[in-house]
Amino acid sequence: MSSSADLTPNQMQAVDHFRGPLLVLAGPGSGKTRVITRRIARLIERGVNPREILAITFTNKAADEMGERVKELVPQGRVWVSTFHRFCARLLRSRAEIVGLGANFSIFDTTDQRQLLREVLRDLNIDAVHFSPNKVAHRISNAKNNLQSAADVARSFDDAVGNHLDAVVSRVYPVYQRRLMESNAVDFDDLLLHVVKLLSENPELRHSLDERYRYVLVDEYQDTNPAQYRIVAALSQDFPNLCVTGDPDQSIYGWRGARIDNILRFESDYPSAVVVRLEENFRSTQQILKTADSLIAHNVLRKQKRLVTDNPDGEPVELVVYRDGEHEADEIARDMRRQVEAGERAWSDFGILYRVNALSREIEFALLRHRVPYQIASGVEFYERAEIKDTLAYLKLISNPADRIAFLRVVNTPRRGIGKTSIAKLVDWAERSGVSLVEAAGRVSEIPGLPKKAGASLKKFAELIADCRQAIDEPVDSQLARVLERTGYLKQWQGSDSEQDQQRLANVQELRTAAQQFDDARADEATLEGFLETVSLVSSGDNLDNSAGCVTLMTLHAAKGLEFPVVYLVGLEHNLIPHERALRTEDNRELEEERRLLFVGITRAQDRLFLTQTQSRNFRGRRLTTIPSEFVSELKIKWSERTESDWPTDTDFESNDSGDIDDWGADNSSAPSRLRRTKPPSDRAETPAKRSGFSAGMLVRHPQYGIGTVIRVSGPARKQTVTVGFEDAQEAKTFVSDHCPLQPVGTR
DNA sequence: TCTTAAAGGGTTTTT
DNA sequence: CCCTTTAAGA
């Protein structure tokens, strides 16, 4: 089955290694994923029970893809491939009671966490302006990443005289943690932490899990944090058939607690470890590799490593300087269009990478103007929307009535005439009676001083939740439908002409589609908590579609593990990469992580790599003159400066402004870039070309929803809306045509 | 109680 | 620039 003809000797060695610890140091593009997949297949061929194999990847998408590929190689091999967080969530569900949780615990996302912290800060009379929930949350997360409990933090604060924020954190952390437990909830860090606790305090359980997962594979090991390190170690004690893969030069998550040391000390952790180096690169041209190599060589805290390839020399890497962000974005869009129209490339060949999400906006606008189809990595964005959070809060409350954050979110949403003061009374009474908020709401008659109307509403609310709980074993979508029906949640927007309201309806519908898909995929195992878990743990690139036929936009972090024939790496500027925050610390390690991040970006490219920077950039509403990134001087590349003088002035462009958009691609003399004196992008979008851009029957692509057909175009010229039916959605969605990310697509 | 308006504050990267 | 939180009015 798994022939070895297509593997190098080193790859073969890693694939063929059977028992005992294995470290695979894999440079970028060295076929690491293929090696892991093949190795899993090989283990199964050798008679290892697939159940005994646990593979940990960095994103859900990577996990799904790896699972698929293993199944292709070994059809009967159903291996558990998962992210750390998902693995821990599943494990914790089955042993929740050991750590004092219920099996139906909620997973708090950052918003929930902030909300809870806000509450705690208020209760402790801590000034939330000076000590923002955000800052405190970060500090607590840091502590948790370092396996520090609330008691540990308090102790270390006693030992050393901490600063003000630490003093606050040492008070807040224990209360925050207690409230989490009272809500039967965990935050992201807790998922790992509880499992660490579970494993370290229950030797017999640890042993049985170690035995159950005899073969553990961890990808991107350089990005594991202390908690993850402990979990892996605990599962590889009695059966140390642990295979970790990674590349110290691609360690880019130090800021969230990852320890590059974990991979560096693997050999001393496991003295019998076999080490395999994959240094041959199959991805990039020599030019690209040379660029990457010259950059990463500047890192001092680093093990020397070779990057070699038999690939062609390729075109030189280019650094292009543009006037400003809009110029940069427009030229990239135009450049891509030219290549696609010349038949040299497909849209999906392009990746556009940036250091900070904020840079995506200008690029998106440009891609819209130039009718370039694109998708953007944005896992969480959808689930952050108020209407989605509200809807999910109902489901969370049904699943876990102790969830106070969910309760507080929806108790008066939609409006039930339950005001702040009533809620305060309820919360107070519940606190003193030691019951959940839902239970308190069901016992309003016992609460003194509650207005009649509010009391009645609360009672009804409690009954609603109780009724829905009766049906908790139904398919998730049925439960969702019931919630929407019984709460009348959608009524507030139905029949509204407002585009925003229609969008909200569409989003909720989208959530229903997700629920239906979950029901279908999991069949009998489709539990409500499982669904909530799935949506809580989406990761950044999960929404990307390899076969979407469009350009892909994402951060450098999200790009790890991916590759593109052509990469545009934008914003190579001082304070952007390296980011100003890394520059401020004077900590060389942070600067080196920035360098690694750029290294990751560069090594995503297969054939062509364009690095771009601007002379000035709009930032926080201000136009700032930029300074080139210090990393640029470390690269061996060709400069191709297209500065102001090479381009027509904005007045030249102004006269051409109302021209048809399609001319832009053909007419090279009309620079699309312009200075801020001219009209802002939102005005520009209202050119006749754009307004008439959609017509009924047209095929379009949306970065989130996929391919759809335009059903209707309506509304006054300036606020024209377009209604689109998508393949995967039940109902049509409506967009404002001037601002929507819809791309016309030819045929499909 | 709820809606609307103004001001203020914060921004890396993500599970 | 964008989002959130807060203040004033209906």
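The structure presented is a predicted model; accordingly, all values stated were derived computationally and were not measured. Quick note on labels: first sequence line is chain A, next is B, and so on, each numbered from 1.
- Residue order along DNA chain B, read from the 5' end via each residue's closest nucleotide, puts A:A582 first among A:A582 and A:T59.
- At a threshold of 4.0 angstrom between heavy atoms, the contacts of A:T421 are confined to the sugar-phosphate backbone, with no base atom among them.
- As rounded to whole Å, 13 Å separates atom P of B:dT15 from atom CG of A:L192.
- Stacking is not found between A:F619 and the pyrimidine-like six-membered ring of the C:dC1 base under the 5.5 Å centre-distance and 30° plane-angle cut-offs.
- As rounded to whole Å, 8 Å separates atom C1' of B:dT14 from atom NE2 of A:H557.
- The distance between the ring centers of A:Y253 and A:F58 falls below 6.0 angstrom.
- When the side-chain nitrogen and oxygen atoms of A:R415 are compared with OP1 and OP2 of B:dT3, one or more of them lie within a distance under 4.0 Å.
- Between A:N357 and B:dT13 there is a side-chain polar atom (N or O) within less than 4.0 angstrom of OP1 or OP2.
- Distance from the side chain of A:R118 is smallest for C:dT5 among the nucleotides B:dT14, C:dT5, B:dT1.
- Regarding A:E362, its CD atom lies at a distance of 10 Å from the P atom of C:dC1, rounded to whole Å.
- Atoms CZ (A:R90) and C1' (B:dT15) sit 17 Å apart, rounded to a whole Å.
- Residue A:S132 places no side-chain N or O under 4.0 Å from the OP1 or OP2 atom of C:dT5.
- Taking atom CZ of A:R596 as the reference point, atom P of B:dT13 lies 18 Å away to the nearest angstrom.
- The aromatic rings of A:Y489 and A:W493 sit perpendicular, their planes meeting at an angle over 60°, well past the 30° parallel limit.
- Per the geometry, CE belonging to A:M554 stands 11 Å off P belonging to B:dT14, to the nearest Å.
- Counting non-hydrogen atoms of other residues, nucleotides and ligands closer than 6.0 Å to NE2 of A:H138 gives a total of 12 or fewer.
- Candidate nucleotides B:dC2, C:dC2, B:dT14 were compared by shortest atom distance to the side chain of A:S540, and B:dT14 ranks first.
- Distances were taken from every side-chain heavy atom of A:R361 (C-beta onward) to each of B:dT14, C:dC2, B:dC2; the shortest belongs to C:dC2.
- Nucleotides C:dT4 and B:dT13 have their C1' atoms positioned 22 Å apart, rounded to a whole Å.
- The residue A:N145 sits apart from the nucleic acid: no heavy atom pair falls under 4.0 Å.
- Toward the 5′ end of DNA chain B lies the nearest nucleotide of A:K453, the other residue of the pair A:K453 and A:L537 mapping further downstream.
- Taking only side-chain nitrogens and oxygens, A:S141 never comes nearer than 4.0 Å to OP1 or OP2 of B:dT15.
- Residue contacts shown for A:N134 are limited to sugar-phosphate atoms, with no base heavy atom under 4.0 Å away.
- The distance from atom CG of A:N225 to atom C1' of B:dT13 is 15 Å, rounded to the nearest whole Å.
- Looking at A:E119 and A:L408, their side chains come closer than 4.5 Å, going by heavy atoms from C-beta outward.
- Look at CZ on A:F365: it is 10 Å from P on C:dC1, rounded to the nearest Å.
- Test A:Q228, A:K144, A:K197 against A:L192 for side chain to side chain contact (heavy atoms under 4.5 Å, CB included) and you get one pass: A:Q228.
- Put simply, the residue from A:E590, A:H298, A:E634, A:E630 that forms a side chain to side chain donor-acceptor pair (under 3.5 Å) with A:R595 is A:E634.
- Within the nucleic acid shown, A:R622 has no heavy atom closer than 4.0 Å to any nucleic acid atom.
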